[in-house]
Amino acid sequence: MRILVSILCLSLLITTGATAKIVVTAYVNGAEGIKSIFVMEDDGTGITTIFTDTRYPTAPRWSPDGKQIVFARFLKPGDWDRKQIVVINADGTNEHVLTKGAQDGNPVFSPDGTSVLFYRYERIDNKSKRSVNVIDLVSGKIKKIADFGVNFPDWSPDGKQIVYSGISVLGKTGSNLWIMDADGGHPRELLPQLPLGEVLIDRGGYARWSPNGKQILHGQYESKFNPNVGFIPQANRYFIYDLFTRQSKQLLIPKTYFPSALDWMDNGKTILFGAREVELDVPVEGFVHPYHLYKYDIATGRITRLSEQTWLNPSLDWISDDVLPVSPEDKMQTQWGKLKKFVQSRSEAFKSLSQNVLFLLRNQH
């Protein structure tokens, strides 16, 4: 009888359990409002607000074990020149400030979870200084690993390399996809430089290593610039760069889809991205815009929208449920991912077993 009850309890847990695998930051009430951090299932359900801040949290990233979220935010409301790196628990509690005083952004946990990589912009002796830094989460010590600027840095799964987008210089050069060693050494371009023309091409946007470390996902933004009206979009493209073949594959995402974030999902089988449709050759107006979250199947090219909700300037990150993320409902470490995979692979046997259990319970006297 005890075994039967245990099986039924397991069935109930698998049916009702939930894991939060996508973390999103987005404005709540437009440009004059605030930003919140949300978590949700990777099908867009179970949207839960875990953290709200008037200092505009952005660029969230899960820790490797799913217990924490790191993000960047402004130092204080109205101080748009300084940003800090902050860590919270996956349920939004235990806020811990890692940096302050400069303009720090794009934080990402190391694969072993012991440190956080981030870029820094600051003014020293009235000169602009850009750098790449790593902070040790135990000691709090910050180590500068590179004396140049980067966007969208991301650690390789083995922790040996860092991919990033270079800094574009308006009117002179677009950005490119780069890679360097984890200590900041041996920086090199992964893609050939494009000649400067009427259309400015920025490559390497939202760069992300694939879970197996063999590919890099990134965006490409093509635009013209008019000093009177600003940037005029020409095309948005999405690529997967293969580190072995050194070839790029363009994804079948419409060039009118302007991204706000990119990430791998389903352990490398699909792409998660935030995007809004823009009209090409029309200047971009305003700063805050509504976006949708989508899933792109790499094998079929199918695009699926996740939920009906729109998001204002979202940034996001996905994590596999195999790492046991914290559930915001009960704030406990759970094993839903492994349990779901176990049951799905043995679904017919489980169904048969459940029917036998119910039969036995009904016929016990």
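Every heavy atom of this structure was used, including side-chain atoms; hydrogens, water molecules and symmetry mates were not.
Under the side-chain hydrogen bond (donor to acceptor under 3.5 Å, both in side chains) criterion, the residue pairs touching residues 281-290 are Gln234-Asp281, with sequence neighbours excluded. Evaluation of the side-chain hydrogen bond (donor to acceptor under 3.5 Å, both in side chains) test over residues 244-261, restricted to residues two or more places apart or in two chains, returns Asp242-Thr245. For residues 184-220, the ring pair (Phe, Tyr, Trp, His ring centres under 6.0 Å) pairs, not counting sequence neighbours, are Phe152-Tyr206, His218-Phe239. For residues 302-313, the set of pairs meeting the side-chain hydrogen bond (donor to acceptor under 3.5 Å, both in side chains) definition, not counting sequence neighbours, comprises His292-Arg305.
The shortest distance between side-chain heavy atoms of Ile232 and Val284 does not fall below 4.5 Å.
Partners of Ala261 under the side chain to side chain contact (heavy atoms under 4.5 Å, CB included) rule, at least two apart in sequence or in another chain, are Leu316. Partners of Phe71 under the ring pair (Phe, Tyr, Trp, His ring centres under 6.0 Å) rule, at least two apart in sequence or in another chain, are Phe51. Under the side chain to side chain donor-acceptor pair (under 3.5 Å) criterion, Arg130 pairs with no residue, sequence neighbours left out. With sequence neighbours excluded, the residues that form a side chain to side chain contact (heavy atoms under 4.5 Å, CB included) with Ser115 are Ser110, Val134, Trp155. For Glu222, the side chain to side chain donor-acceptor pair (under 3.5 Å) partners at least two apart in sequence or on another chain are Gln220, Arg237. Scored by the side chain to side chain donor-acceptor pair (under 3.5 Å) test, Arg120 finds Asp104 as partners (sequence neighbours excluded). Evaluation of the side chain to side chain contact (heavy atoms under 4.5 Å, CB included) rule for Asp125 yields no partner, not counting sequence neighbours. Contacts of Leu252 classified as side chain to side chain contact (heavy atoms under 4.5 Å, CB included), with partners at least two apart in sequence or in another chain: Tyr296.
Test Lys100, Arg73, Lys76 against Gln84 for side-chain hydrogen bond (donor to acceptor under 3.5 Å, both in side chains) and you get one pass: Arg73. The residue from Phe38, Tyr291, Tyr56 that alone fulfils the ring-ring contact (aromatic ring centres under 6.0 Å, His included) condition with Tyr27 is Tyr56.
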For this session: Assess whether ring pair (Phe, Tyr, Trp, His ring centres under 6.0 Å) is satisfied between Trp80 and Phe74, documenting all intermediate values.
Result: CA-CA 6 Å; Trp80 313 129; Phe74 290 109; 4.8 Å; yes
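Nearest heavy-atom pair across Phe118 and Val116 is CD2-O, 3.8 Å.
Judged purely by distance below 3.5 Å, without hydrogens or angles, the side chains of Ser36 and Thr52 pair a donor atom with an acceptor atom. For the residue pair Tyr121 / Ser128, a side-chain donor-acceptor distance below 3.5 Å is found, with atom types taken as modelled.
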